[in-house]
Amino acid sequence: MPRAKKIANTASSSEYMSNGVIISPSIPSPGDEITVMYDGILSKSGANHIFAHIGYGSMWDDRAYYRMEKTTTGFEASVSVSEADTMNICFKDCANNWDNNSGKNYSFDISK
């Protein structure tokens with residue numbers, strides 16, 4: 001489940017690769033269309049449907065769920081970046097299991 005507290009550290013896409021989380025481009029700008037790729041614990045546990053839960057800044061502004069499409073390498077979703085603030089992502093499956101990076105979420109810098 002998402003946290004509402006301020007995220008102090010963000011990471012590049014490569015830092016989350018071991019958890020099966022990648023965004024491309026790795027440092028997007030507002031208005032960019034990005035691809036969120038997920039092959040983490042929910043995918044590896046056999047989930048058929050996964051949703052990316054995305055919000056911006058410490059209060060998860062502009063928060064939304066994006067249904068991810070199953071691919072041969074996990075799940076993917078195309079997302080438009082709406083704000084020049086930290087983008088936070090966590091994932092959930094249809095059984096309401098969450099991958100939120102052990103409560104830290106997956107946080108990415110958005111170039112201003």
Side-chain angles (χ1 to χ4, degrees):
M1 181 160 282
R3 294 183 335 159
K5 294 182 180 179
K6 177 74 175 153
I7 307 294
N9 297 319
T10 58
S12 68
S13 203
S14 63
E15 292 178 58
Y16 293 136
M17 286 178 78
S18 63
N19 289 13
V21 177
I22 300 170
I23 66 167
S24 180
S26 61
I27 303 177
S29 298
D32 285 354
E33 185 84 9
I34 66 167
T35 301
V36 177
M37 295 164 271
Y38 179 77
D39 191 31
I41 192 166
L42 300 176
S43 177
K44 294 184 184 316
S45 296
N48 291 321
H49 303 287
I50 293 180
F51 298 85
H53 186 219
I54 299 176
Y56 298 88
S58 62
M59 300 303 292
W60 283 72
D61 296 329
D62 219 7
R63 126 181 67 186
Y65 286 96
Y66 297 87
R67 184 180 174 124
M68 302 186 81
E69 297 295 322
K70 191 165 181 68
T71 68
T72 58
T73 58
F75 291 84
E76 289 186 9
S78 293
V79 175
S80 293
V81 176
S82 64
E83 295 190 27
D85 201 342
T86 302
M87 180 175 64
N88 304 301
I89 307 174
C90 57
F91 302 91
K92 77 177 221 69
D93 64 15
C94 290
N96 211 31
N97 297 307
W98 289 83
D99 179 356
N100 63 2
N101 193 24
S102 299
K104 297 178 277 188
N105 298 309
Y106 299 96
S107 299
F108 301 90
D109 287 327
I110 306 299
S111 66
K112 296 180 168 65

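The analysis underlying the following values was restricted to heavy atoms, covering all of them including side chains, and did not include hydrogens, waters or symmetry mates.
- Expressed to the nearest 0.5 Å, how far CD of Glu76 lies from CE of Met37 amounts to 6.0 Å.
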(message) Before you tell me yes or no, could you show the steps for Thr86 and Asp109 under side-chain contact (heavy atoms from CB on, under 4.5 Å), namely the whole-Å CA-CA distance, both residues' side-chain angles and the distance that decides it to 0.1 Å?
(response) CA-CA 5 Å; Thr86 302; Asp109 287 327; 4.3 Å; yes

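- Summarising the geometry of Trp98 relative to Cys90, their closest heavy-atom pair is CZ3-SG, 3.3 Å, with the distance given to 0.1 Å.
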Contacts table for residues 29-36: side-chain donor-acceptor under 3.5 angstrom, sequence neighbours left out:
unit_1	atom_1	unit_2	atom_2	d
Ser29	OG	Ser111	OG	2.5
Asp32	OD2	Ser29	N	2.8
Glu33	OE1	Ser80	OG	2.7

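- Between Tyr65 and Phe51, the two ring planes are perpendicular [angle over 60°; tilted spans 30° to 60°].
- Tested against Val81, the residues Ile23, Ile110, Ile54 include a single side chain to side chain contact (heavy atoms under 4.5 Å, CB included) partner, Ile110.
- Of the inter-residue distances, the one linking Asn105 atom CG with His53 atom NE2 reads 9.5 Å to the nearest 0.5 angstrom.
- Ring orientation note: the planes of Phe108 and Tyr16 are nearly perpendicular, at an angle over 60° on the 30°/60° scale.
- Judged as a ring-ring contact (aromatic ring centres under 6.0 Å, His included), and not counting sequence neighbours, the contacts of Tyr38 are Phe91.
- Judged as a side chain to side chain donor-acceptor pair (under 3.5 Å), and not counting sequence neighbours, the contacts of Asp62 are Ser82.
- Annotation: side chain to side chain donor-acceptor pair (under 3.5 Å) contacts of Thr71 (sequence neighbours excluded): Thr73.
- The ring-ring contact (aromatic ring centres under 6.0 Å, His included) pairs that include a residue from residues 70-89 number zero, where partners must be two or more places apart or lie in different chains.
- Here the NZ-CG distance, from Lys92 to Asn100, works out to 13.0 Å after rounding to the nearest 0.5 Å.
- At a threshold of 4.5 Å between non-hydrogen side-chain atoms, the residues Val21 and Ile89 do not count as touching.
- Residues Ser43 and Ile50 form a side-chain contact, since some pair of their non-hydrogen atoms from C-beta on lies under 4.5 Å apart.
- A salt bridge (Lys or Arg N to Asp or Glu O under 4.0 Å) check over residues 34-49, counting only residues at least two apart or in different chains, returns the pairs Asp39-Lys44.
- Side-chain polar atoms of His49 and Arg67 form a donor-acceptor pair below 3.5 angstrom.
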